[in-house]
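Below: the structure, in structure tokens.
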Amino acid sequence: MNEYDHKKIEKKWPASAKASAGKQAYNHRIIERKWQHVWDKQKLYATPKNPRKGKKQYVLDMFPYPSGAGLHVGHPEGYTATDIYSRYLRMNGYDVLHPMGWDAFGLPAENYAIEKGIYPKKTTDANIKRFREQIKSLGLSYDWAREVNTSDPDYYKWTQWLFLKLYEKGLAYRKEANVNWCPKDQTVLANEQVINGRCHRCDSEVVQKLLPQWFFKITDYADRLLEGLGKIDWPEPIKLMQRNWIGKSEGAEIGFEIVIPAKAGIQSPIAVEDKSGSPTRSGMTKPNFVFLHAFKGSPSDDFWPWLKKEIEKRGGKVYAPQLPDPAEPDIEEQADFLLKNYKFDSSTVIVTHSLGGVLAMKLLPRLNVKISHLIMVAPPLRTIFLDNKPRPALNKCCDWKFDFKKIKQKAELISVVKDIGDNIVPADQPEEIAGELSARFIEVKAIDPHFHSPKEPELLNVIAPSIKIFTTRPDTIFGATYMVLAPENPLIQNIEYRIENRGEVKEYIEKAKKKTELQRTALEKEKTGVELKGIKAINPATKEEIPIWIADYVLMGYGTGAIMAVPAHDERDFAFAKKYNLSIKQVIAPHVIDMINPPKEGKKNTKRIMVHAIVRHPKENKIISLKWKSQPWQTFVTGGVEEGEDVIKAAEREVREETGYKNLRFVGKLPYTIFAEFFAAHKDVNRAVWANFVMFELVNLEQDEVTEEEKAKHEVVWIDVGEVRKLTPVAEIKYVVVWLERGDTAYTGDGIVLNSDKFNGMDSESAKWEITKFVGGQPKTQYKLRDWLISRQRYWGAPIPIVYCQDCGMQAIPEKDLPVKLPTDVDFRPTGESPLARSKSFNKVKCPNCKKSARRETDTMDTFVDSSWYWLRYTDPKNDKKPFDKLRAHRWCPVDTYVGGAEHAVLHLMYARFFCKALKDMGYVNFNEPFLKLRNQGLILGPDGQKMSKSKGNVINPDDVVAEFGADTMRMYEMFMGPLEDAKPWSTEGIRGVKRFLDKVWRLFEKHGALPHPSPLRDRRGRDGEVASLLDKTIKKVTEDIVAFKFNTAVSAMMILVNEFSALRQAQGVNGIDKKNAETLLKLLSPFAPHLAEELWQKLGHKTSIHREKWPRYDEKLIKEDSVSIVVQVNGRVRATVKVVADSSEEHVKEMAQADSNAKKYLEGKIIKKVVYVRGKIINFVT
RNA sequence: GCCCGGGUGGUGGAAUGGUUUACACAGAGGACUUAAAAUCCUUGACCCUAACGGGUUUGUGGGUUCGACUCCCACCCCGGGCACCA
């Protein structure tokens, strides 16, 4: 170990000893600068090259963004915490990696460039320099040889490299996406820069804009990100926030078929009998399907019989003729046949297979009406086939010339379905037809090539789509009374041709698109929507037809973009149903068991339907209650409902009978029935009751006579509405209270299933899976997490290493060409595209594949990408071959302790975890979680308790604090303020107190030098052994508190010790304190106040650094007190304290306590029923 | 609206089932000093009492317990996160 040459130090810092000598306070300016210089020279905090296995600790701070404002007093809080912990670990023999660096890319530098025209690198480098100096002035023990800077090409080269690796793995992809766009600043904004739907800089409303963007596929890791949280030591609230962000929901995916509802009054479009012989009911029919089969085919071939059945199941009427001469077809003749036998009209849907499509294209121009929909499955356009088989019959079947314009005019909607695995019709033919006809073009994979399988489910999706929904409450499906699609749901286009109010629907969709984020998420926004008229869905549980709506309260980005609406059991659906008058059907009843009169074992069980009437006074805010004479009950007006009887009528009857009031006005009914179980004492039976609540208001107080029989049972008492809580149906009453306060609401909890056929009576939780099975649904897990959008139309970030070539498409930059450097010939002014797009030098690039000139990706990466892996770079910061050496990373990682602000709870911490897992899968690291232990630091507020800000003028500058009080005081004060994770206000008075403490320590040594002197282990009151005990207790407390990150109480423990030393010295007139004790104190202090501790340590005559010393141990035996104070309580109240020898027997303590004069007063003449004795703490007499 | 965290002297906070207010700040009184600063000592919730002592008190109300800041229930207030996630 390097020894200090005190002579040399003295020579360079001659003032240091004298500056403070004889003064009450020490000179922090000189001492701190001196030791910072010496430590730096000696490389005291260099990281060991090869940490010993099991002896390594990686202690990390979240690296700062080097802003122009310089260091904030909040920064040193976390830095001091990790510094204390690192120093503590080193003193306990650990090899510690404790680095610092710069999250240097980001918006402010670029905005500054826009404003002042100063190149971002220039401002950033200057800011880093200032930050580094400020951090160094705090005496933090970072190993500066490992400094990293994300804006350095040597760093972002590897950020780009990691991007390419993710790209190779399919974890980086490009797609069109809606992004936040600020119309005033002409730029895309990150989600976190949008505050309440407004731009954080200019406050204009942010709109959604569709742009091609790069994403990282973090959703692939949703489950692992969730699972990993169980294994790491992080603050619970942070873990919870991540869990919520990932948002895992278990539920079911269930299909709802779309049907064509029966309608009266529409003329049958086809007035002839069909081959299948199905009767055509006159005056009432459904839209009709006409099937046109293929060459050599028949309606019993291929998918036809299956499709017919499926469509009929959905209420469609199908006509599937056998076409004349299928093997030697004459298209014109076939068309004649159809025209002769069938009548087509605006509701007709023609479905064709293969050559049937040619027939349809020849048929349509000859129609004098417009049909609804033409669906051509794998239609040919020419007689060129993939199998090269000659088909002479086809060559002569028609002229293969089509009047596309006319065809287009004769169908409302045309769809062309292509099989991507087709082995007969070449791919370009259906495509060309679709193009000519401007038709909907759908590419699918058929089960058998060219749709030859007896079942082709994809076709059903085109012809009769079903709506897939995700729900976490399949148990409520019997109560699904309507469905809702998100306005963006592409399914709407599929079924559009059947929608009667198309114009209205389109208008709604357009309006929804134009809405700003603010309007869509506006508080208490009223729900809007439009019904899709002309189609219905079938509730798969009830088989009933239910309406389909579109509404923007359903989001496309979650689940399937469609829901089944259960208004009775979902708040949103409830509000929507109320507004649009949709039916509400209860299928779950809250299940309550009366805790005061619970059902009794062995009693008869009876079932009843009951109604409770809440009767309001005509003028006052009072309601009627009945006070029972035979029971200790006070109830609403209450009674049974006969099977089939109207609940409201029954309630009216009861009110009349029991109270005589007769002029009632019905106000409302609790929208759900409650299932309650209790013991009915007056009848001596158990009751299971369906409880209904009805509210009336008395029009006046006119009253009929009440029968004597009723009068004998109970008396009418008016009570305040606020007292409802006290009434007797205790278990149900909480729902009534909510009803009275908030009005009608949906019941969203669990309970007993009702109105659900064979599932009635089950509890909702167990019904979930049973019902899912019953309706043919699948269990499904959904996540809220979306993929991470990393594109930024910004300059000051790492360029995305991709080029676009006209011939070869998207191409990755080869590794050898990295880094893609940021150009300097840039105009920063915002125009809506990335500034990189306007750099000439940047865009001079050749396609890595064909070497022709190509276009560069001009977006840069989100700065969160840079910070997702910096913790790995610290383990190997100078490597120019790889981002980091695997072995070196493995020696130090994962990070053992990570400290930073809670504002990164989701973003940075989630992204870094994602990177770690992706790197693990690619074999670059061998662990799953980057940060094993995480601790948050709280905000430091201004002295006024407000968040520090320039405009409020409450900013504390750390430079000023260090200048006035010194780094040691600043460090210690920030630790002493309160718990690390709490937000706490700065107090200028408070920091003085800490300085006073350090001065006190200084005087303890300084006044007479540090003297070796005989250990007078007596405290100021002359008691032997107390100081020794206190010293060991302090070691214990400080040690435990550092490990637990409870630095505030560690500081207070040292204050207590120093106060004791100081008083001891005064009381005994001793010059200085015992050397051993002094050294222990300094060691405890050294992680907190490293400069002062080192200075005093050297003064004690040492030549090596205190920071290389071993952490002090304590002696359990010394901590144990010889005598203890026992608190004497009588009936739990403190009456005295008695002093007894430690480990006294209970008997002895009891005697001593009873002997105490004050305790005696309270025990005199009382019988002691019980004595509670807690060893060494308390004795309680119960009389 | 939902989900977290919190509410303790004049102030920052300590105590996670056992004497509420450790430690520090501010305040009051005293010592030293010509004086101030600095330092040191004493004091320090509220009400009753001359005092011994007693009573009340950890946001409010209730409960569990010999005993509750601590555990349970309801409510109020503050801070943070999410926000139509089916």
Side-chain angles (χ1 to χ4, degrees), chain A residues 23-25 196 235-241 243-245 247-249 251 469-473 476 484 520-525 527 551-555 557-566 569-573 575-576 725 734 737 742 748 782-786 902-903 905-906 938-939 945 973 976-979 981-994 996-997 999-1000 1003 1046 1048-1056 1059 1062-1063 1066 1125-1137 1157-1158 1161 1169-1183:
Chain A
K23 301 238 173 89
Q24 302 276 17
N196 286 331
E236 258 336 294
I238 302 285
K239 288 206 224 177
L240 194 72
M241 277 164 76
R243 276 192 199 106
N244 290 342
W245 190 267
K248 182 176 180 169
S249 300
I469 58 100
F470 171 74
T471 178
T472 55
R473 293 298 300 271
T476 64
V484 188
R520 266 202 161 186
T521 59
L523 251 80
E524 286 175 68
K525 193 196 78 169
K527 293 186 176 23
D552 65 3
Y553 84 91
V554 172
L555 309 171
Y558 183 78
T560 59
I563 61 156
M564 67 174 197
V566 187
H569 304 291
D570 182 280
E571 298 285 0
R572 297 152 296 175
D573 299 344
F576 193 79
R725 235 173 253 283
K734 65 175 176 185
V737 170
R742 294 199 213 165
T748 57
Q782 273 290 341
Y783 299 92
K784 278 196 247 182
L785 186 71
R786 314 276 163 89
E903 67 273 17
V906 211
L939 276 182
Y973 172 63
F976 184 59
M977 288 170 86
E981 65 277 10
D982 285 7
K984 1 172 221 278
W986 184 271
S987 158
T988 312
E989 304 305 325
I991 193 167
R992 277 209 186 98
V994 173
R996 221 170 275 161
F997 163 69
D999 283 336
K1000 205 185 249 186
R1003 286 195 302 272
K1046 286 158 73 176
N1048 54 332
T1049 48
V1051 173
S1052 109
M1054 287 188 276
M1055 285 175 169
I1056 293 169
N1059 285 346
S1062 171
Q1066 288 251 317
S1125 296
I1126 304 283
V1127 173
V1128 182
Q1129 292 184 338
V1130 179
N1131 290 329
R1133 318 209 58 133
V1134 180
R1135 297 302 175 191
T1137 54
S1157 63
N1158 201 45
K1161 256 184 11 202
K1169 286 189 202 139
K1170 194 176 166 188
V1171 179
V1172 182
Y1173 176 58
V1174 181
R1175 249 180 56 122
K1177 277 196 172 148
I1178 200 162
I1179 186 157
N1180 189 9
F1181 296 96
V1182 186
T1183 63

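Just so it is clear: chains get the letters A, B, ... in the order the sequence lines come, proteins before strands, and each one is counted from 1.
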> Could you write nucleotides 6-18 of chain B as a row of B, S and -, 5' to 3', where a protein heavy atom under 4.0 Å of any base atom gives B, of only sugar-phosphate atoms gives S, and otherwise -?
Replying inline: ------BSSS--B
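At a threshold of 4.0 angstrom between heavy atoms, the contacts of A/R1135 are confined to the sugar-phosphate backbone, with no base atom among them. If you check every strand for non-hydrogen atoms under 4.0 Å, A/V1134 touches sugar and phosphate atoms only. Using a 4.0 Å heavy-atom cutoff across all strands shown, A/R992 reaches no nucleic acid atom at all. Counting any heavy atom pair closer than 4.0 Å across all strands shown, A/D573 reaches no nucleic acid atom. If you check every strand for non-hydrogen atoms under 4.0 Å, A/G247 touches nothing. Nucleic acid contact for A/I563: base, since at least one base atom lies under 4.0 Å from a heavy atom of the residue.
With both ends at atom C1', the span from B/U21 to B/U11 equals 13 Å, rounded to whole Å. For the P atoms, the distance linking B/A22 with B/A31 amounts to 26 Å, nearest Å. Rounded to whole Å, the P atom of B/G63 lies 34 Å from the corresponding atom of B/C52. B/A51 and B/A45: their P atoms are spaced 15 Å apart (whole Å). For the C1' atom pair drawn from B/U43 and B/U34, the interatomic distance equals 28 Å after rounding to whole Å. A gap of 10 Å separates the P atoms of B/G7 and B/U70, to the nearest Å. With C1' as the reference atom, B/C76 and B/C25 are 31 Å apart, rounded to whole Å. Between B/G9 and B/C75, the two P atoms lie 24 Å apart (nearest whole Å).
Smallest separation of non-hydrogen atoms from A/Y558 and A/Y783: CE1-O, 3.6 Å. The shortest non-hydrogen separation linking A/I1178 to A/Y1173 is O-CD1, 3.3 Å. Across all their heavy atoms, A/M241 and A/A905 have their closest contact at CE-CB, 3.5 Å. Across every non-hydrogen atom of A/M977 and A/K984, the tightest pair is CB-CD, 3.7 Å. Considering all non-hydrogen atoms of both residues, A/V484 and A/A565 come closest at CG2-CB, 4.4 Å. In terms of heavy-atom proximity, A/G559 sits nearest to A/Q782 at CA-NE2, 3.4 Å.
No more than 12 heavy atoms of other residues, nucleotides or ligands sit less than 6.0 Å from atom CZ of A/R1175.
Taking a pair to require two hydrogen-bonding distances under 3.5 Å in either a Watson-Crick or a G-U wobble arrangement, B/G79 pairs with B/C4. Pairing for B/U34 is absent, with no Watson-Crick or G-U wobble pair whose two atom distances lie under 3.5 Å. Across all strands shown, B/U43 pairs with B/G27; the Watson-Crick or G-U wobble distances both stay below 3.5 Å.
Expressed to the nearest 0.5 Å, how far CZ of A/R1135 lies from CD1 of A/I1179 amounts to 15.5 Å.
For A/L240, taking side-chain heavy atoms from C-beta onward, the closest of the listed nucleotides B/C3, B/G55, B/C2 is B/C3. Distances were taken from every side-chain heavy atom of A/R742 (C-beta onward) to each of B/A24, B/C2, B/A86; the shortest belongs to B/C2. In this structure, the nucleotide among B/C4, B/C40, B/C25 sitting nearest to the side chain of A/P237 is B/C4. Closest to the side chain of A/V1127, from the set B/C40, B/U19, B/A86, is B/U19. With distances taken from any side-chain atom of A/L555 to the nucleotides B/C66, B/C84, B/G54, the minimum falls on B/C84. Across B/A86, B/C66, B/C23, the shortest atom-to-atom separation from the side chain of A/S1052 is found for B/C23. Closest to the side chain of A/D570, from the set B/A22, B/A86, B/U19, is B/A86.
The separation between A/Y553 atom OH and B/G1 atom P is 20 Å, rounded to whole Å. Taking atom OH of A/Y558 as the reference point, atom C1' of B/A83 lies 14 Å away to the nearest angstrom. The distance from atom CG of A/D552 to atom C1' of B/C84 is 9 Å, rounded to the nearest whole Å. Distance, A/N1131 CG to B/G67 P: 8 Å, rounded to whole Å. Note: CD (A/E989) to C1' (B/A24) measures 12 Å, nearest angstrom. Counting to the nearest Å, the P atom of B/G79 and the CE atom of A/M241 are 17 Å from each other. B/A86 atom C1' lies 8 Å from atom CZ of A/F470, rounded to whole Å. Atom-to-atom, NZ of A/K239 to P of B/G5 comes out at 14 Å; the value is rounded to the nearest Å.
Sequence order on RNA chain B of the closest nucleotides to A/S1125 and A/E236 puts A/E236 first from the 5' end. Of the two residues contacting RNA chain B, namely A/N1158 and A/R786, the nearest-nucleotide position lying further toward the 5' end is that of A/N1158.
Look at A/R996 and you'll find a side-chain N or O under 4.0 angstrom from OP1 or OP2 of B/U39. One finds no side-chain N or O of A/R243 lying less than 4.0 angstrom from the OP1 or OP2 phosphate oxygen of B/C82.
Looking only at distances, a side-chain donor or acceptor of A/R473 sits under 3.5 Å from a matching main-chain atom of A/T748. Panel note: side chain A/Y973, backbone A/S987; a donor-acceptor pair is recorded below 3.5 Å.
In this structure, B/G81 shows a glycosidic angle more than 90 degrees from zero, which is the anti conformation.
Side-chain N/O atoms of A/K1169 and base N/O atoms of B/C66 include no donor-acceptor pair closer than 3.5 Å.
Using a 3.5 Å distance cut-off with no hydrogens or angles, the side chains of A/N244 and A/K784 do not pair a donor with an acceptor.
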